[in-house]
Amino acid sequence: MLLSKYFLPVLKEAPREAEIISHQLMLRAGMIKQQSAGIYSWLPLGLKVLRKVEQIVREEQNRAGAVEVLMPTIQSADLWRESGRYDDYGKEMLRITDRHERDMLFGPTNEEMITDIFRAYVKSYKDLPLNLYHIQWKFRDEVRPRFGVMRGREFFMKDAYSFDLDEASSRAAYYRMFVSYLRTFDRLGVKAIPMRADTGPIGGDLSHEFLILADTGESEVFCHGDYMKLDVPGAGLDYSDDDAIAGIVNDWTASYARTDEMHDEALWGEVASGDQMNARGIEVGHIFHFGQKYSEPMGAKVTGPDGKDTPVYMGSYGIGPSRVVAALIEAGHDDNGIIWPASVAPFDVGLINLRPGNEKTDTACGSLYDQLTNAGFDVLYDDTDNRAGGKFALADLIGLPWQLIVGPRGLENGEVELKERATGERESLTMEAAVNRLTEWQSATRARFGG
RNA sequence: CGGGGCGUGGCGCAGUCUGGUAGCGCACCUGGUUUGGGACCAGGGGGUCGCAGGUUCGAAUCCUGCCGCCCCGACCA
């Protein structure tokens, strides 16, 4: 992509309403534009990151055996009356009346609708286990939206729903999602720790939150240092092996890990002080096992091997990709701007032509752009006639993993400069060596994050 | 929902107390000189001062009502 043909409206100064760093940087980097309290447009750079996060989430859901559907944003109030939540949900639910005076609502979540789909088609235990998910915009009319897309009213969420014949298999389904979340956050390039959670209004008896560690996180986290060393299962993982999956869950729940809300000083005291880790985190995922809470009132039953009908056991599993984007920035930035994990960076390389119009730099950049693009890199080519300082500042701000700097001075010696955003390290080398270096990085990155 | 704050060109701000017809920096446009960490000179465009009423000869400024947005707290992917 040529920067001169792209739409990247960056700001030198952050708008006053932005308080936290991720919100400031998202506005400054031209990723989002606020349209109303808690409601945002996603501009090209932001959308690119959002889509990458979404895709990683999707791939890991699929790998764990979940099947994608797409449910509408607008739902009928009748479904919610069936589950009894139409009145319970309160003002957080945006209620709408259509032209025929029918009560509708903008979905804050989809337990009711997925249960409706399930009961319409699934009648036999032979069709279980089943896990259906979708990735769709949700709306919760928060009393106080804040922190940009971190807590918007409209937000993008992946929600999965598992259906099983009995408690034991339902737990196995919960564990599969648990493990898929470990893999998902690992591929997103962040450390996420599962913590015992309150089940809240969704109800149920088993629940975990996944927190990304970031100094600016809103939740206080107390966890055992062991979590820093635990391995995340690789792509070859066999999700059909219930025992192996349960073993992984066991490893990841054996040590103490709680947010301030669930913190227990007595249990915490049992952790050796050298192992106690006090940090801050951002909740980016939440999984629930709630049994027959919805299947019973909504009549989602299957016929078991004994010929009897039983309400299915269910769980729900959420990750908010729009929040994840902000959380990744909270976890990865410096004074100059964003530092994206390789797996979700909007582009791989920022190619900087320090002297557009100069035949040598133009030719060199054209060649590099073609070579890298053909090799599968997503390159943002800064071909504008801004000054060097402005280009460097922009590249640092939007946080691409690499900056490939081409100027007349370096070309005199047949060299270009390669700068790694995360470390700030720069190196002068030939064009060929630069391409090779990037290609090596690409292979390593794919091996690490590709899934 | 309780408490606090803010609305003045795209962004950041001054001006409001003490009414006199809107200003600064950045950004933008034109021309020129420049060009390896946010250039300089000259010229230029853009704002019914959140909205509606009121007071006044005159309102960004005073009064009343409304709307929007942000922050802290209680609640949430």
Side-chain angles (χ1 to χ4, degrees), chain A residues 9-20 23-24 27-28 30 33-39 53 57 89-93 107-110 135-160 181 192 197-202 207-212 218-219 259 261 282-288 316-327 335-337 352-358 361 382 384-397 403 405-412 415-417 419 424 426 428:
Chain A
V10 296
L11 299 172
K12 202 172 260 186
E13 294 170 284
R16 190 178 34 181
E17 69 265 18
E19 193 77 6
I20 63 165
H23 191 193
Q24 291 177 355
L27 291 169
R28 286 192 51 211
K33 180 187 186 307
Q34 180 168 4
Q35 301 295 162
S36 177
I39 300 178
V53 172
V57 169
Y89 218 91
K91 291 188 173 173
E92 275 210 358
M93 186 151 73
T109 178
N110 285 66
I135 306 177
Q136 176 64 290
W137 292 93
K138 306 288 190 296
F139 193 95
R140 291 182 192 169
D141 201 357
E142 296 270 350
V143 204
R144 193 185 153 208
R146 60 188 129 162
F147 303 148
V149 297
M150 188 81 83
R151 174 155 319 160
R153 290 195 290 173
E154 187 181 49
F155 60 98
F156 203 41
M157 183 160 101
K158 183 285 299 182
D159 38 330
Y181 275 32
D198 200 359
T199 52
I202 293 186
S207 177
H208 287 88
E209 290 178 343
F210 288 74
L211 284 280
I212 287 180
E218 49 187 336
S219 306
T259 62
E261 284 175 9
I282 301 165
E283 185 192 342
V284 285
H286 202 158
I287 60 180
F288 303 87
S316 76
Y317 315 90
I319 291 181
S322 51
R323 169 181 276 197
V324 165
V325 173
D335 290 345
N336 296 321
I352 299 176
N353 186 343
L354 289 176
R355 196 73 60 83
N358 174 294
T361 61
D382 188 344
T384 64
D385 59 3
N386 291 327
R387 300 170 65 82
K391 293 191 177 196
F392 293 143
L394 174 69
D396 285 346
L397 174 64
Q403 295 167 25
I405 302 156
V406 181
R409 198 183 289 172
L411 286 184
E412 293 282 318
E415 289 183 332
V416 294
E417 196 176 14
K419 174 182 167 182
R426 337 155 132 255
S428 288

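Just so you know, these numbers come straight off a predicted model, no measurement behind them.
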Rounded interatomic separation in angstrom, taking CD from Glu142(A) and C1' from G73(B): 15 Å
When the P atoms of C28(B) and G20(B) are compared, how many Å lie between them, rounded to an integer? 34 Å
Taking atom P in both G15(B) and C6(B), compute the distance separating them and give it to the nearest angstrom. 12 Å
Establish, from distance only, whether the side-chain atoms of Asp396(A) and Gln403(A) form a donor-acceptor pair under 3.5 Å. yes
Given the C1' atoms of G65(B) and G12(B), what is the spacing between them in whole Å? 31 Å
Specify the separation, in whole Å, of atom CZ of Arg153(A) and atom C1' of C75(B). 15 Å
Could you tell me the separation between the CE atom of Met157(A) and the P atom of C76(B), rounded to a whole number of Å? 14 Å
Are Arg355(A) and Asp385(A) ion-paired here, with the side-chain N under 4.0 Å from a carboxylate O? no
Let's test this: given Watson-Crick or G-U wobble pairing with both distances under 3.5 Å, identify the partner of U18(B). none
Measure the distance from CG on Asn110(A) to P on A77(B) and round it to the nearest whole Å. 14 Å
When you measure from the side chain of Arg28(A) to the backbone N and O of Val10(A), does any donor-acceptor pair fall under 3.5 Å? no
Answer with yes or no whether Arg151(A) presents, from its side chain, a donor or acceptor under 3.5 Å of a partner atom in the base of C76(B). yes
note: Ile319(A), atom CD1; A77(B), atom P; distance rounded to Å ~ 13 Å
Considering only atom P, compute the distance from U35(B) to A22(B) and round it to an integer number of Å. 41 Å
What are the atom names and distances for every N/O pair under 3.5 Å that joins the protein to nucleotides 70-72 of chain B?
| unit_1 | atom_1 | unit_2 | atom_2 | d |
| --- | --- | --- | --- | --- |
| C70(B) | OP1 | Gln34(A) | NE2 | 2.9 |
| C70(B) | O3' | Glu17(A) | O | 3.3 |
| C72(B) | OP2 | Arg144(A) | NH2 | 2.3 |

Between Glu417(A) and Arg426(A), does a salt bridge (charged side-chain N to carboxylate O under 4.0 Å, His left out) hold up when you go through it step by step? CA-CA 7 Å; Glu417(A) 196 176 14; Arg426(A) 337 155 132 255; 2.8 Å; yes
Without decimals, in angstroms, what is the distance between Gln35(A) CD and G68(B) C1'? 14 Å
Sugar-phosphate means primed atoms, P, OP1 and OP2; the rest is base. With that split, encode nucleotides 25-40 of chain B 5' to 3' as B, S or - using protein heavy atoms under 4.0 Å. BSS------BSBBBB-
Just name whichever nucleotide pairs with C69(B), Watson-Crick or G-U, keeping both distances under 3.5 Å, else none. G5(B)
Phe155(A) atom CZ is separated from C76(B) atom P, nearest whole Å, by 13 Å
Is U64(B) paired to anything, Watson-Crick or G-U wobble with both distances less than 3.5 Å, and if yes, which nucleotide? A52(B)
What heavy-atom pair brings Ser207(A) and His286(A) nearest, and what distance separates the two atoms? OG-NE2, 2.8 Å
Expressed in whole Å, how much space separates the C1' atoms belonging to C17(B) and C57(B)? 23 Å
Check residues 142-151 of chain A and write down every donor-acceptor pair under 3.5 Å in which the side-chain atom is one partner and the other belongs to a residue at least two apart or another chain.
| unit_1 | atom_1 | unit_2 | atom_2 | d |
| --- | --- | --- | --- | --- |
| Arg151(A) | NH2 | Glu218(A) | OE1 | 3.2 |
| Arg151(A) | NH2 | Glu218(A) | OE2 | 3.2 |

Would you say Arg140(A)'s side chain and Pro108(A)'s backbone share a donor-acceptor pair under 3.5 angstrom? yes
G53(B) versus A74(B) - spacing of their P atoms, nearest Å: 42 Å
Any strand counts, and the cut-off is 3.5 Å on both contacts for Watson-Crick or G-U wobble. Which nucleotide pairs with C24(B)? G12(B)
Do Val416(A) and Ile405(A) touch side chain to side chain, with heavy atoms closer than 4.5 Å? no
What nucleic acid atoms does Lys158(A) come within less than 4.0 Å of, heavy atoms only: base, sugar-phosphate, or nothing? nothing
What is the nucleic acid contact for Val284(A), judged by heavy atoms within less than 4.0 Å: base, sugar-phosphate only, or nothing? sugar-phosphate
Given 3.5 Å as the limit, does a donor-acceptor pair link the side chain of Tyr181(A) with the main chain of Tyr317(A), or not? yes
Validation row, ring centre Phe210(A) to ring centre His208(A) under 6.0 Å: no
In whole angstrom, what separates Ile287(A)'s CD1 from C76(B)'s P? 18 Å
Judged by atom type as modelled, is there a donor-acceptor pair below 3.5 Å linking the side chain of Ser322(A) to the main-chain atoms of Phe156(A)? yes
Pick base, sugar-phosphate or nothing for Gly152(A), based on heavy-atom distances below 4.0 Å to the nucleic acid. base
G-U wobble or Watson-Crick pairing nucleotide for G43(B) (cut-off 3.5 Å, both distances): C29(B)
What integer number of Å spans the C1' atoms of C1(B) and G38(B)? 45 Å
Answer for the Watson-Crick or wobble partner of A77(B), both distances under 3.5 Å, is none
C1' atom, G23(B) versus C63(B): distance in rounded Å? 27 Å
